[in-house]
Participant: 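My structure is below; once you've seen it, I'll send some questions.
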Amino acid sequence: KEPEKYPTILRLKSGDPFLFGRSRTEIDALRENNISYRVIPNLSSSIAGPHYAGMPLTDPLLDSQSFAVFSGTNAQGIGIGGDGDTDWGDIGVDTLVFLMIGRLDKLGQLSQRLVDSNGDRWTADTPCAIVQSAGRAEQKVWRATLATIVQSIQSDLGGDCKTVSPAIFVAGNVASLALKGV
């Protein structure tokens with residue numbers, strides 16, 4: 001708002017500044033005001049988060065050769081598990097990674113939507129995991145199945161738990177792996 005008053009301004013964003021962020025609108029505002037800027041690329045939490053939990057996103061021994069990343073919440077703040085979104089049964093990848101999916105009601109809806117997708121890839125027994133606060137000292141990981149992930153979290157944190165934000169949700173066989181060193 002007052003760029004002439006502050007010769008250097010830093011907008012620090014962890015992860016990839018262009019993935020599910022508002023970098024474009026911020027850059028547009030800088031350009032409109034003739035303010036110089038620099039973008040420094042970084043590694044997305046969609047990749048780094050599972051790695052911190054010991055989950056590779058692909059694994060040849062599990063015949064897991066591909067992954068896709070989605071936002072768990074659309075631009076209006078609505079969870080993507082509701083009716084009418086992506087046809088998860090036809091999605092041609094082995095591992096799904098969702099960012100911004102920490103609310104347990106959204107996680108439950110999405111997990112059920114995957115199970116109900118009429119494909120053979122996502123079943124109630126499909127391994128999945130939540131990585132909360134990835135890479136931080138307070139990081140926590142829950143591994144379960146699509147049918148039991150919400151109950152697993154609530155069993156650990158209490159039935160009245162409503163969120164585990166910030167969280168990354170991984171669905172697919174690689175979610176069962178815990179290759180993290182000691």
Side-chain angles (χ1 to χ4, degrees), residues 14-16 18-21 41-73 79-81 85-159 161-182:
S14 60
D16 182 332
F18 289 123
L19 188 62
F20 302 128
N42 203 349
L43 185 63
S44 171
S45 61
S46 64
I47 295 172
H51 288 183
Y52 274 115
M55 281 178 270
L57 295 177
T58 61
D59 185 278
L61 298 178
L62 293 176
D63 196 27
S64 179
Q65 301 299 317
S66 59
F67 69 94
V69 179
F70 297 89
S71 172
T73 304
I80 63 169
D85 2 69
T86 306
D87 181 359
W88 300 108
D90 279 343
I91 199 148
V93 297
D94 304 311
T95 303
L96 298 174
V97 180
F98 296 90
L99 303 177
M100 299 176 284
I101 191 71
R103 275 188 29 203
L104 296 186
D105 60 335
K106 290 181 183 181
L107 177 61
Q109 289 170 356
L110 176 57
S111 296
Q112 189 60 51
R113 183 83 196 276
L114 291 172
V115 170
D116 293 344
S117 66
N118 297 322
D120 59 356
R121 188 174 309 266
W122 317 112
T123 69
D125 296 324
T126 298
C128 65
I130 283 284
V131 183
Q132 179 188 44
S133 300
R136 297 180 183 164
E138 64 271 18
Q139 175 179 301
K140 185 134 178 91
V141 180
W142 292 272
R143 287 181 172 80
T145 66
L146 288 174
T148 62
I149 188 66
V150 172
Q151 295 84 356
S152 177
I153 293 167
Q154 288 181 326
S155 173
D156 185 40
L157 299 178
C161 176
K162 303 288 185 223
T163 185
V164 290
S165 292
I168 300 161
F169 177 48
V170 179
N173 289 332
V174 297
S176 65
L177 298 176
L179 304 177
K180 186 175 178 181
V182 290

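Keep in mind that this is a model prediction, so the values were computed, not measured. We number each residue from 1, following the sequence as shown.
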Participant: So V115 and T123, do their side chains get closer than 4.5 Å, heavy atoms only?
Facilitator: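 With C-beta onward as the side chain, the pair stays apart.
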
Participant: R121: which residues meet the salt bridge (charged side-chain N to carboxylate O under 4.0 Å, His left out) condition with it, sequence neighbours left out?
Facilitator: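 For R121, the residues satisfying salt bridge (charged side-chain N to carboxylate O under 4.0 Å, His left out) (neighbours in sequence not counted) are D94.
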
Participant: Listed by chain and number, what are the side-chain contact (heavy atoms from CB on, under 4.5 Å) partners of A147, not counting sequence neighbours?
Facilitator: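 Counting only residues at least two positions away or on another chain, A147 forms a side-chain contact (heavy atoms from CB on, under 4.5 Å) with A124, T145.
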
Participant: My understanding is that only one of L146, T126, I101 makes a side-chain contact (heavy atoms from CB on, under 4.5 Å) with S111; could you say which?
Facilitator: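 Going through the options one by one, the only one that passes is L146.
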
Participant: Nearest 0.5 Å, what's the CD1-CD1 distance between I168 and I47?
Facilitator: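 Between atom CD1 of I168 and atom CD1 of I47 there are 10.5 Å.
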
Participant: Let me confirm one number: the CG-CG distance from L57 to L96, rounded to the nearest 0.5 Å.
Facilitator: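 Answer rounded to 0.5 Å: 10.5 Å.
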
Participant: Would you list the pairs meeting salt bridge (charged side-chain N to carboxylate O under 4.0 Å, His left out) in which at least one residue belongs to residues 125-139, sequence neighbours left out?
Facilitator: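 Qualifying pairs: none.
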
Participant: Of all the heavy-atom pairs spanning A167 and I130, show the shortest one and how long it is.
Facilitator: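 Heavy-atom minimum between the residues: CB-CG2, 4.0 Å.
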
Participant: Examine distances only and state if a side-chain atom of S117 and a backbone atom of L114 form a donor-acceptor pair shorter than 3.5 Å.
Facilitator: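 Between the backbone of L114 and the side chain of S117 there is a qualifying donor-acceptor contact (under 3.5 Å).
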
Participant: Output the distance between atom SG (C128) and atom CG (L107), rounded to the nearest 0.5 Å.
Facilitator: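 So the gap between those two atoms works out to 7.0 Å.
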
Participant: Taking side-chain contact (heavy atoms from CB on, under 4.5 Å) as the definition, give me every residue that meets it alongside L157, ordered by chain and number, with sequence neighbours left out.
Facilitator: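 L157 satisfies side-chain contact (heavy atoms from CB on, under 4.5 Å) with W142, I153, C161, V164 only.
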
Participant: For residues 96-130, which residue pairs qualify under ring-ring contact (aromatic ring centres under 6.0 Å, His included), counting only residues two or more places apart or in two chains?
Facilitator: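 Passing the test, one end in residues 96-130: F70-F98, W88-F98, F98-F169.
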
Participant: Please round to the nearest 0.5 Å and tell me the distance separating atom CG of D16 and atom CG of L43.
Facilitator: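 With rounding to 0.5 Å, CG (D16) is 8.0 Å from CG (L43).
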
Participant: By side-chain contact (heavy atoms from CB on, under 4.5 Å), which residues pair with S165, not counting sequence neighbours?
Facilitator: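 S165 satisfies side-chain contact (heavy atoms from CB on, under 4.5 Å) with T163 only.
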
Participant: Check L104 against V150 and note the closest heavy-atom contact, atom names and distance.
Facilitator: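 Reported closest heavy-atom pair: O-CG2, 3.8 Å.
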
Participant: Looking only at heavy atoms, what is the nearest atom pair of V93 and S66, with distance?
Facilitator: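 Of all heavy-atom pairs spanning V93 and S66, the closest is CA-OG, 3.2 Å.
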
Participant: Which side-chain hydrogen bond (donor to acceptor under 3.5 Å, both in side chains) pairs, counting each pair once, include a residue from residues 47-64, with sequence neighbours left out?
Facilitator: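 Pairs touching residues 47-64 that pass the test: S64-T95.
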
Participant: Mind checking salt bridge (charged side-chain N to carboxylate O under 4.0 Å, His left out) for D156 and listing every partner two or more places apart, or none if nothing turns up?
Facilitator: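 D156 satisfies salt bridge (charged side-chain N to carboxylate O under 4.0 Å, His left out) with K140 once adjacent residues are dropped.
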
Participant: Identify, with sequence neighbours excluded, every residue that meets side-chain hydrogen bond (donor to acceptor under 3.5 Å, both in side chains) alongside S46.
Facilitator: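 By the side-chain hydrogen bond (donor to acceptor under 3.5 Å, both in side chains) rule, S46 matches S44.
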
Participant: Among all residues two or more places apart in sequence or in another chain, which pass the side-chain contact (heavy atoms from CB on, under 4.5 Å) test with A53?
Facilitator: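 Per chain and number, A53 pairs via side-chain contact (heavy atoms from CB on, under 4.5 Å) with M55, V131, Q139, V141, R143.
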
Participant: Can you see which heavy atom on P50 is nearest to which on S45, and at what distance?
Facilitator: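 Heavy-atom minimum between the residues: CD-O, 3.5 Å.
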
